[in-house]
Amino acid sequence: MTAATESTRKLLRTCPLCEAVCGLELTLDSDNHITSIRGDQADPFSRGFICPKGATLGHLDEDPDRLTEPMIRDRATGRWRAASWEEAFGVIRERLPQITAAHGNQSVGLYLGNPNAHTVAGALYVPVLIRALGTRNMFSASTADQMPKQVSSGLMFGDPLTVPVPDLDRTDYLLMLGANPLESNGSLCTAPDFPGRLKALRSRGGKFVVVDPRRTRTAKLADEHLFIRPGSDAYLLFGIVHTLFAEGLTDIRVDVRGLEEVRTAAAAFPPQVVAARTGVDEATIVRLARELAAAPTAAVYARIGTCTAEFGTITQWLVDVVNVLTGNLDSPGGAMFPNGAALGIVRSRPFRPGRWASRVRGLPEALGELPVATLADEILTPGEGRIRAMVTVAGNPVLSAPSGARLDAAFAGLEFMVSVDRYLNETTRHADVILPPPRIVQSPHYDFALLQFAVRNYARYSRPLVPLGDRPSEAAVLARLALAVSGQEPQPGLDPLTVVDEIVIAGTLHKAGMADRREELLGANTTEQRIDMMLRLGPYGAWNGGELTLQALLDNPHGIDLGPLQPRLPGVLRTASKQVELAPPQLLADVERLRGRLVAEQPEMVLVGRRQLRSNNSWSHNVAPLVGGSNRCTLQIHPEDVLRLGLNGRAVVKSAAGTLTVDIEPTEDLMPGVVSLPHGWGHGDSDQRVARAHAGVNANALTDDSLVDVPSGNAVFNGVPVTLSPA
Ligand SMILES: Nc1nc2c(c(=O)[nH]1)N[C@H]1C(S)=C(S)[C@@H](COP(=O)(O)OP(=O)(O)OC[C@H]3O[C@@H](n4cnc5c(=O)[nH]c(N)nc54)[C@H](O)[C@@H]3O)O[C@H]1N2
Ligand SMILES: Nc1nc2c(c(=O)[nH]1)N[C@H]1C(S)=C(S)[C@@H](COP(=O)(O)OP(=O)(O)OC[C@H]3O[C@@H](n4cnc5c(=O)[nH]c(N)nc54)[C@H](O)[C@@H]3O)O[C@H]1N2
Ligand code: SF4
Ligand SMILES: [Mo]
């Protein structure tokens with residue numbers, strides 16, 4: 001805390017909105033309202049960087065349209081009313097166990113949304129809820145996002161959480177596909193001030209190449225931008241792999257298995273063959289391979305544009321195949337494995353996807369969850385094991401999942417639904433009970449998930465800045481919900497949160513052979529004591545030869561820099577062979593599907609998504625300073641296509657899944673034959689006043705839940721065939 005005027009205080013906190021984990025300096029008045037926010041100059045990782053969303057966090061934090069009390073919906077009238085926590089949990093305790101008693105645990109589905117990756121409650125207390133529900137019908141935003149990277153990493157390195165990131169601050173050459181960090185601020189690559197880091201790469205003489213069907217702000221900053229036909233990145237990367245072998249450019253420095261299988265698979269994808277499919281010419285593909293091989297250090301990095309595509313997992317795999325073949329995996333300046341400070345999940349056996357399959361379509365489980373692309377099927381299809389009730393935590397799948405309208409209708413037919421959410425929105429309007437989290441500044445913050453993908457090892461903890469008063473923390477809501485779904489009330493005199501924490505602490509200490517050291521854990525409550533334990537047992541921890549404890553983070557509120565990424569092979573490998581598996585059989589099998597589609601006829605127009613600097617998925621459109629101007633839900637389209645199709649102002653867009661009428665925005669930044677619509681809009685019926693005034697349309701009315709990336713079951717948002725006509 002730094003001094004300010006008498007009536008205001010300056011306090012520090014990490015921004016919870018995106019993956020950049022920026023340090024913020026907030027000014028609060030004597031009534032605990034945020035009056036201003038700046039970037040924390042003394043944060044060693046973000047060094048004062050801030051974006052418009054971080055700067056307006058105060059608006060979101062105290063949005064007048066947010067929920068401050070539990071809400072109960074009367075099914076007969078459809079009316080909502082505020083309720084006490086007692087009453088809200090009472091309804092859940094009564095209704096959910098009736099459904100599971102009659103139809104079994106599988107009859108309740110769980111959906112976990114993106115903000116769970118940004119909260120302590122999501123990291124530490126959602127697992128309790130998962131256990132209490134005991135259902136295999138678990139879904140999350142991961143299968144609309146990064147599951148292909150987790151499956152490819154799981155198969156190659158044995159652990160789906162062992163994901164290499166580009167060593168952004170040291171690399172000499174960065175090939176980036178399907179990412180736009182100038183607007184998204186980065187993903188599966190935690191790097192505050194991503195724009196500044198890219199500029200630094202160029203000013204130290206490095207080269208930066210972007211592959212994207214749009215000339216994005218990131219592409220404009222790059223040395224070179226290449227348009228690519230949506231959904232064809234796997235072909236491009238195979239063309240590069242082919243060239244590396246053909247020209248003898250491989251330089252493998254890690255212990256791998258399956259090299260010959262990769263060479264054989266790549267034989268079918270020479271640059272002259274894949275060029276037509278990708279839209280990147282043969283000479284350019286060959287040159288990219290040569291440049292990657294010749295650069296002193298290089299990294300290939302591919303993100304959401306390539307994950308949420310028909311061949312998402314193969315693409316993610318080939319990214320790391322190229323990193324291996326060019327000698328850049330696990331090497332400074334290449335693609336490296338971060339080492340987060342908090343003890344993570346310790347995996348003893350190699351990752352295995354598809355341990356079970358979804359009931360209706362037989363889609364594979366991965367990391368204990370099923371593809372969100374089949375959630376509507378599981379609700380709508382009668383039979384044993386059908387989902388009859390839902391619990392959602394921090395998710396808005398009606399806007400974020402494919403075939404959104406179908407999911408909307410499916411939710412409407414549920415027997416019961418509970419949502420833990422800040423807002424009454426497109427998804428939670430179907431709930432019977434909504435349980436709201438407290439204000440952002442009333443929650444503690446530690447980035448358990450995101451710091452495991454950071455381009456520098458770093459740790460920062462923020463205590464709640466404002467006391468909770470008489471309302472429960474989100475952690476306490478989840479702990480209490482875990483009891484309620486099994487029909488239990490808290491035992492008199494026992495706090496459910498403390499009970500959960502003590503069980504976890506005892507179990508973890510026992511496993512670590514530290515059962516006698518419970519007393520050493522410090523913190524204001526058991527949540528903080530758990531964090532202290534995870535830091536002490538982590539790679540820099542006081543119980544692991546280092547110095548890190550919760551107290552060290554409290555003493556360094558701007559965060560602690562733990563140094564550049566270090567080589568971690570073979571230690572991080574969890575494969576049975578203890579080698580990097582370069583040619584996992586599940587992925588080789590999918591190469592057949594890729595080959596089959598090489599010559600398939602291509603649709604005339606395809607849809608892709610895009611992120612906007614001032615949006616945050618579906619839930620920041622009620623912040624007045626962030627909407628309007630350039631932040632509008634428009635369909636970007638090349639002027640040639642506008643002319644060819646005779647469009648004017650608005651267009652009707654049709655896909656196999658649905659139809660939308662939308663404002664068009666002609667721009668030469670789009671590849672001809674491609675249109676782009678941002679997701680997270682479509683607030684026409686919303687009670688959020690600002691969002692309703694800037695409603696836009698739901699891009700996922702056009703995406704099709706019958707299409708998935710086969711190995712991961714991930715949703716396909718990019719490369720969706722569409723037809724356009726004048727409105
Ligand atoms: N077409 C298309 N669709 C996409 C994508 C795309 O690129 N194109 N991207 C996909 C990706 S990458 C993602 S991650 C998903 C996101 O998918 P979701 O996670 O389903 O959607 P969000 O819009 O992030 O919704 C977050 C919800 O959490 C609530 N919330 C916010 N903070 C908190 C909190 O602290 N606690 C609780 N309990 N609730 C909170 C918000 O009110 C909101 O309802 O969307 C996916 N959908
Ligand atoms: N401002 C803002 N920041 C965010 C979010 C947000 O909603 N708004 N969401 C957060 C979340 S949940 C995530 S997952 C991250 C995602 O972060 P990024 O991965 O950087 O996501 P995008 O900005 O959508 O960039 C994806 C790019 O892929 C391109 N693309 C589409 N299809 C293809 C294709 O087939 N091939 C190639 N090569 N490119 C393609 C699109 O044109 C787009 O420019 O952003 C996070 N940060
Ligand atoms: S870049 Fe992300 S973490 Fe940083 S201030 Fe903006 S929203 Fe927050
Ligand atoms: Mo995401």
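Being a predicted model, the structure only gives us computed values, none of them experimental. Atoms within each ligand, like the ligands themselves, are counted from 1 in listed order.
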Output yes when [X] and [Y] qualify as a salt bridge under the 4.0 Å nitrogen-oxygen rule, no when they do not.
{"X": "Arg610", "Y": "Asp212", "value": "no"}
{"X": "Asp561", "Y": "Arg460", "value": "no"}
{"X": "Glu310", "Y": "Arg597", "value": "yes"}
{"X": "Glu25", "Y": "Arg38", "value": "yes"}
{"X": "Asp320", "Y": "Lys149", "value": "yes"}
{"X": "Arg214", "Y": "Glu668", "value": "no"}
{"X": "Asp223", "Y": "Arg202", "value": "yes"}
{"X": "Asp40", "Y": "Arg13", "value": "no"}

Return yes or no for this condition: an N or O of [X] is under 3.5 Å from an N or O of ligand 2.
{"X": "Asn114", "value": "no"}
{"X": "Gly231", "value": "yes"}
{"X": "Leu613", "value": "yes"}
{"X": "Glu183", "value": "yes"}
{"X": "Pro230", "value": "no"}
{"X": "Ser184", "value": "yes"}
{"X": "Ile228", "value": "no"}
{"X": "Thr216", "value": "no"}
{"X": "His679", "value": "no"}
{"X": "Ser615", "value": "yes"}

Best match, Cys307, Gly719, Gly305: closest heavy atom to atom 33 (C) of ligand 2:
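Looking at heavy atoms only, the winner is Gly305.
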Identity of the nearest option to atom 16 (C) of ligand 2, non-hydrogen atoms only, from Arg303, Arg611, Glu310:
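Considering heavy atoms of Arg303, Arg611, Glu310, the nearest to atom 16 (C) of ligand 2 sits in Arg611.
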Identity and separation of the nearest protein heavy atom to [atom]:
{"atom": "atom 43 (C) of ligand 2", "value": "Asp212 OD2, 3.4 Å"}
{"atom": "atom 25 (O) of ligand 2", "value": "Asn180 N, 3.4 Å"}
{"atom": "atom 26 (C) of ligand 2", "value": "Gly178 O, 3.3 Å"}
{"atom": "atom 7 (O) of ligand 2", "value": "Asn617 N, 2.7 Å"}
{"atom": "atom 21 (O) of ligand 2", "value": "Ile304 CG2, 3.0 Å"}
{"atom": "atom 40 (C) of ligand 2", "value": "Pro213 CD, 3.3 Å"}

Between Asp145 and ligand 2, which part of the residue brings a heavy atom under 4.0 Å of the ligand: side chain, backbone, both or neither?
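For Asp145, the contact with ligand 2 is made by the side chain alone.
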Looking only at side chains, do [X] and [Y] share a donor and an acceptor under 3.5 Å apart?
{"X": "Ser443", "Y": "Glu474", "result": "no"}
{"X": "His679", "Y": "Asn617", "result": "yes"}
{"X": "His683", "Y": "His694", "result": "no"}
{"X": "Glu19", "Y": "Thr190", "result": "no"}

Taking only heavy atoms of [X], which atoms of ligand 2 are found under 4.0 Å from at least one of them?
{"X": "Asn718", "result": "31 (C), 32 (N)"}
{"X": "Gln612", "result": "1 (N), 2 (C), 8 (N)"}
{"X": "Val608", "result": "31 (C), 32 (N)"}
{"X": "Asp233", "result": "34 (C), 35 (O), 36 (N), 37 (C), 38 (N)"}

Protein N, O or S atoms at less than 2.8 Å from atom 2 (Fe) of ligand 3, how many?
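Count of protein N, O, S atoms less than 2.8 Å from atom 2 (Fe) of ligand 3: 1.
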Using the six-membered ring wherever Trp is involved, compare the ring planes of Phe238 and Trp317 and label them parallel, tilted or perpendicular (cut-offs 30° and 60°).
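Perpendicular.
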With distance as the sole test, does Asn396 use its side chain to make a donor-acceptor pair with the main-chain N or O of Ser618 at under 3.5 Å?
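Not confirmed, Asn396 side chain does not pair with Ser618 backbone.
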Quick check on Arg632: does its CZ atom have over 12 non-hydrogen neighbours (other residues, nucleotides or ligands) under 6.0 Å away?
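Incorrect, the count does not exceed 12.
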State whether the number of non-hydrogen atoms from other residues, nucleotides or ligands found under 6.0 Å of Arg595 atom CZ is greater than 12.
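It does not: Arg595 CZ has 12 such atoms or fewer within range.
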Could you work out, with salt bridge (charged side-chain N to carboxylate O under 4.0 Å, His left out) as the rule, every residue matching Glu62, not counting sequence neighbours?
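With neighbours one apart ignored, the set is Arg439.
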Pairwise distance CD1(Ile240) to CD(Glu291) - rounded to 0.5 angstrom
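Answer for the CD1-CD pair, Ile240 versus Glu291, is 10.0 Å.
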Check if [X] has a non-hydrogen atom at a distance under 4.0 Å from any atom of ligand 2.
{"X": "Ala309", "value": "no"}
{"X": "Asn185", "value": "no"}
{"X": "Gln146", "value": "no"}

After noting the C-alpha distance and the side-chain angles of Phe139 and Tyr111, does the key distance pass the ring pair (Phe, Tyr, Trp, His ring centres under 6.0 Å) rule?
CA-CA 5 Å; Phe139 304 82; Tyr111 176 83; 7.9 Å; no
